[in-house]
Asks: 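One structure, pasted below without further comment.
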Amino acid sequence: MQEKRKLKLKKFYFHPITVYFLATIFILIISAVLAHFQVQTTYNIVNTTTKELEPKLISVENLLTYSNIKIILRNTITSFASFAPLTMLLLSLIGISIANATGLIDTVSQKKLKKLSKFQLTFIVAFLGVISSLISDIGYVLLIPLAALIYEKNGRNPILGIITAFASTAFASSISIFTGWTDVGLIPYTRVAAHLIDNQAHISLTANLIFIIIVSIIISILGTIIIEKVINKKIGKYHIKDINGHTLKTSELIITDIEEAEQNKIATEKKEKRGMRYALITSIILIVIFIYCIIPNLPLSGLLLDKNETSYVNMLFGKSSYLHSAFTFLVALFLTLVGISYGIGAKSIKNDKELIEKAGDYFKNIGMVIILIFVFSQFLSIWRMSNIGKVIASSLANLLSHLEFTDIPLIMISLIIIAFAGLFTTSITTKWQIFSPIVVPMFMQANLSPQFAQIVMRAADSMTKGITPLFGSFIIYLGYLNIYNQNKQKPITIHSAIKMLTPYFILISLTWILLIIIWYIVGIPIGPNVYPTI
């Protein structure tokens, strides 16, 4: 009887790599089936010259045709090499590995971060995740591995750090404490759509500034509470093992740490202080240089600005901005130089060979993530090529256009439909290109401002970005969960990874909905002289 029960409880798990491989084959087959039945839809785009709506037909592409199979084979290497999260991750890891090899991260964790309470540490990670959307996807590729490392060095479960970093970044992916690249991407579509109703409508880059600043703080605080009070209790403890692979008890760890600390305190404290002093001086110098590089109109300044743009925000965050494209490299360079400075000051590195050897050790567990990213990059490339996601989003936009709602019902239905579309089309600009010609005019006709329509877009994008396995940076989160997964015989699956986020997703989604409704009812400004209503 017990044997039967054991067999019944035993489950079979596919590794995420296998799941994405099988999903790729499934998309190939389903694309052929849907194309055979001529599944297609039409959505409207705004002609920027005539200011009129023009229909655009989009169909599911049959990927099993002779010509498309050739394209898929030709693009295999390109899809992998051009997968932005991969290159950004590797760049970030170079900086982190050097900072870790020199002992900088150890010292910061033990001397500075250990003084913080659990809530304070989690809040810092959550807040950095929320505001990281100011520039590209730096929060995923830098904060996830860094949070895992810091949590582990602080004696906490690194998986909690991974969840904190990913959840705070993904579920607040469209807000920050300042106007950023999201505004630069959304505003052109909002402006053109608003001109369908009012040709004089002006949408400034600061149109959502008040809203995003306040919500950034609210989401960071609430996210911290959810992580500590709900998710922390569900994921359990992380067992640190000795060199023989045996689990150490907490009491053993504390005694060992205290004994070692007492023995080495006098010898190491002076070196660590000198190392931190060197690191601080280097940090200040690099930050001053960085600030000078984003100031226009000074001798040899503005190196990171796109000077072809007219507004300063576009210079910083526009598509051709040097800051936007080089930011990950700059952060990695910062960590590298500060780490080396610490190592020289603390005498924790003897020579370049030792440093490179130690830094290389950090990459020993990254192989599985590289394979996972390769398989995922092929899956994502084929998914986008099939047009299935765009067809679903366009169909939902058309559904929304046929609904007759005003006020709160209009806000709610728009929020829910766009959020659902985000499960299949993760790019915020692609979604807004499809939805803005419908949502913005509907809002304006209901006396709601186009700027508030853009707020709804931000909220909807943030609500579901963290729970869709089609999101590019989801693979970084999933890969790192499996790096720190202690049961290698039972990999953390896509389902398990999403399940860990479910409490955060539900509570933050409800928060988004409440904030949007409260803002509308109370009439709080969403930007300087900009309100939810016209």
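Basis for what follows: all heavy atoms, side chains included, without hydrogens, waters or symmetry-related copies. Throughout, residue positions are numbered sequentially from 1 according to the sequence presented.
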Asks: Does S401 reach the main-chain N or O of N398 with its side chain, forming a donor-acceptor pair under 3.5 Å?
Replies: yes
Asks: What pair of heavy atoms forms the shortest contact from A193 to S436, and how long is it?
Replies: CB-O, 3.3 Å
Asks: Taking the six-membered ring for Trp, are F166 and F474 parallel (under 30°), tilted (30 to 60°) or perpendicular (over 60°)?
Replies: perpendicular
Asks: Within a 6.0 Å radius of atom CZ on F26, are there more than 12 heavy atoms belonging to other residues, nucleotides or ligands?
Replies: no
Asks: Any donor and acceptor pair, going by atom type alone, linking the side chain of T164 with main-chain N or O of A126 inside 3.5 Å?
Replies: no
Asks: Carefully, step by step, assess L28 and I382 under the rule side-chain contact (heavy atoms from CB on, under 4.5 Å).
Replies: CA-CA 8 Å; L28 291 170; I382 285 169; 4.0 Å; yes
Asks: Do you know which two heavy atoms are closest between V338 and L286, and how far apart they sit?
Replies: CG2-CD1, 4.1 Å
Asks: When you check the side-chain N and O atoms of N208 and Q454, is any donor under 3.5 Å from an acceptor?
Replies: yes
Asks: Checking side-chain polar atoms at under 3.5 Å, does S311 have a donor or acceptor matched by the opposite partner on N314?
Replies: yes
Asks: Quick one: does Q378's side chain have a donor or acceptor within less than 3.5 Å of a partner on T76's backbone?
Replies: yes
Asks: Hey, could you give me the OG/CD1 distance between S473 and I144, rounded to the nearest 0.5 Å?
Replies: 7.0 Å
Asks: Given 3.5 Å as the limit, does a donor-acceptor pair link the side chain of N62 with the main chain of A35, or not?
Replies: no
Asks: Closest heavy-atom contact between A393 and T425?
Replies: CB-OG1, 3.8 Å
Asks: To the nearest 0.5 angstrom, please state how far the CZ atom of F290 sits from the CG atom of L323.
Replies: 5.0 Å
Asks: Go through the steps for L89 and I373 under the test side-chain contact (heavy atoms from CB on, under 4.5 Å), then give the verdict.
Replies: CA-CA 11 Å; L89 176 66; I373 289 175; 4.2 Å; yes
Asks: Would you mind reporting whether F14 and L22 have side-chain heavy atoms less than 4.5 Å apart?
Replies: yes
Asks: Under a plain distance cut-off of 3.5 Å, with no hydrogens placed, do T190 and W432 share a side-chain donor-acceptor pair?
Replies: yes
Asks: Step by step, would you call L53 with V46 a side-chain contact (heavy atoms from CB on, under 4.5 Å)?
Replies: CA-CA 5 Å; L53 290 174; V46 183; 3.8 Å; yes
Asks: Side-chain contact test, heavy atoms from C-beta onward, threshold under 4.5 Å: evaluate it for V60 versus I30 and give yes or no.
Replies: no
Asks: If we ignore hydrogens and angles and just use 3.5 Å, is the side chain of T468 paired with the main-chain N or O of T464 as donor and acceptor?
Replies: no
Asks: Hey, does the side chain of H195 reach the backbone of Q200 with a donor-acceptor pair shorter than 3.5 angstrom?
Replies: no
Asks: Should we say atom CD of Q38 is surrounded by more than 12 heavy atoms from elsewhere, each under 6.0 Å from it?
Replies: no
Asks: Just verifying a value: how many Å separate T426 OG1 and K465 NZ, rounded to the nearest 0.5 Å?
Replies: 6.0 Å
Asks: Quick one about S79 and S381 (side-chain donor to acceptor, distance below 3.5 Å, no hydrogens or angles considered), yes or no?
Replies: yes
Asks: For the backbone of I492 and the side chain of S496, can you confirm whether one donor and one acceptor N or O come within less than 3.5 Å of each other?
Replies: no
Asks: Rounded to the nearest 0.5 Å, what separates atom NZ in K364 from atom CD1 in I483?
Replies: 12.0 Å
Asks: What's the verdict on ring pair (Phe, Tyr, Trp, His ring centres under 6.0 Å) for Y140 and Y477, showing C-alpha distance, side-chain angles and the deciding distance?
Replies: CA-CA 8 Å; Y140 304 106; Y477 162 67; 9.7 Å; no
Asks: For S132 and T169, which heavy atoms make the closest approach, and how far apart are they?
Replies: OG-CG2, 3.5 Å
Asks: Quick one: sort the Y20 and F376 rings into parallel, tilted or perpendicular, breaks at 30° and 60°.
Replies: perpendicular
Asks: With a cut-off of 6.0 Å (strictly less than), are more than 12 heavy atoms of other residues, nucleotides or ligands near CG of L300?
Replies: no
Asks: Let me confirm one number: the OH-OG distance from Y43 to S395, rounded to the nearest 0.5 Å.
Replies: 12.0 Å
Asks: Tabulate below the donor-acceptor pairs under 3.5 Å that side-chain atoms of residues 326-335 make, not counting sequence neighbours, or state none.
Replies:
none

Asks: Nearest heavy-atom pair of A148 and I162: which atoms, and what distance?
Replies: CB-CG1, 3.7 Å
Asks: Please determine whether the number of non-hydrogen atoms from other residues, nucleotides or ligands lying under 6.0 Å from atom CZ of F471 exceeds 12.
Replies: yes
Asks: Can you name the nearest heavy-atom pair linking I413 to L403, along with the distance?
Replies: CG1-CD1, 3.8 Å
Asks: When you look at F363 and L93, which way does the side-chain contact (heavy atoms from CB on, under 4.5 Å) test go after all the steps?
Replies: CA-CA 8 Å; F363 285 83; L93 293 183; 3.7 Å; yes
Asks: Do the non-hydrogen side-chain atoms of V439 and M457 ever get within less than 4.5 Å of each other?
Replies: no
Asks: Give a yes-or-no answer on whether the side chains of S173 and D461 include a donor-acceptor pair shorter than 3.5 Å.
Replies: yes
Asks: Treating W383 as the side-chain partner and T24 as the backbone partner, does any N or O pair qualify as donor plus acceptor under 3.5 Å?
Replies: no
Asks: Is it the case that more than 12 heavy atoms not belonging to F80 sit under 6.0 Å from its CZ atom?
Replies: yes
Asks: Mark yes when over 12 heavy atoms from residues, nucleotides or ligands other than F420 sit less than 6.0 Å from its CZ; otherwise mark no.
Replies: no
Asks: Can you find a pair of side-chain heavy atoms, one from T493 and one from L478, that are under 4.5 Å apart?
Replies: no
Asks: Does atom NZ of K431 have more than 12 heavy-atom neighbours from other groups under 6.0 Å away?
Replies: yes
Asks: Just by modelled atom types, is the L63 backbone N or O under 3.5 Å from a matching donor or acceptor in the S31 side chain?
Replies: yes
Asks: State whether the side chain of S59 and the backbone N or O of Q40 hold a donor-acceptor pair below 3.5 Å, judged by distance alone.
Replies: no
Asks: Given side chains that start at C-beta, do those of F443 and S414 come closer than 4.5 Å, heavy atoms only?
Replies: yes
Asks: Look up atom CZ in R74 and atom CG in N68, then write down how far apart they are to the nearest 0.5 Å.
Replies: 10.0 Å
Asks: Are more than 12 heavy atoms, taken from residues, nucleotides or ligands other than L73, located less than 6.0 Å from that residue's CG atom?
Replies: yes
Asks: Side chains of I294 and Y312: closer than 4.5 Å at any heavy-atom pair?
Replies: yes
Asks: Less than 4.5 Å apart, any side-chain heavy atom of I370 and any of L90?
Replies: yes
Asks: Determine whether I98 and Y362 make a side-chain contact, defined as any pair of heavy atoms from C-beta on separated by less than 4.5 Å.
Replies: no
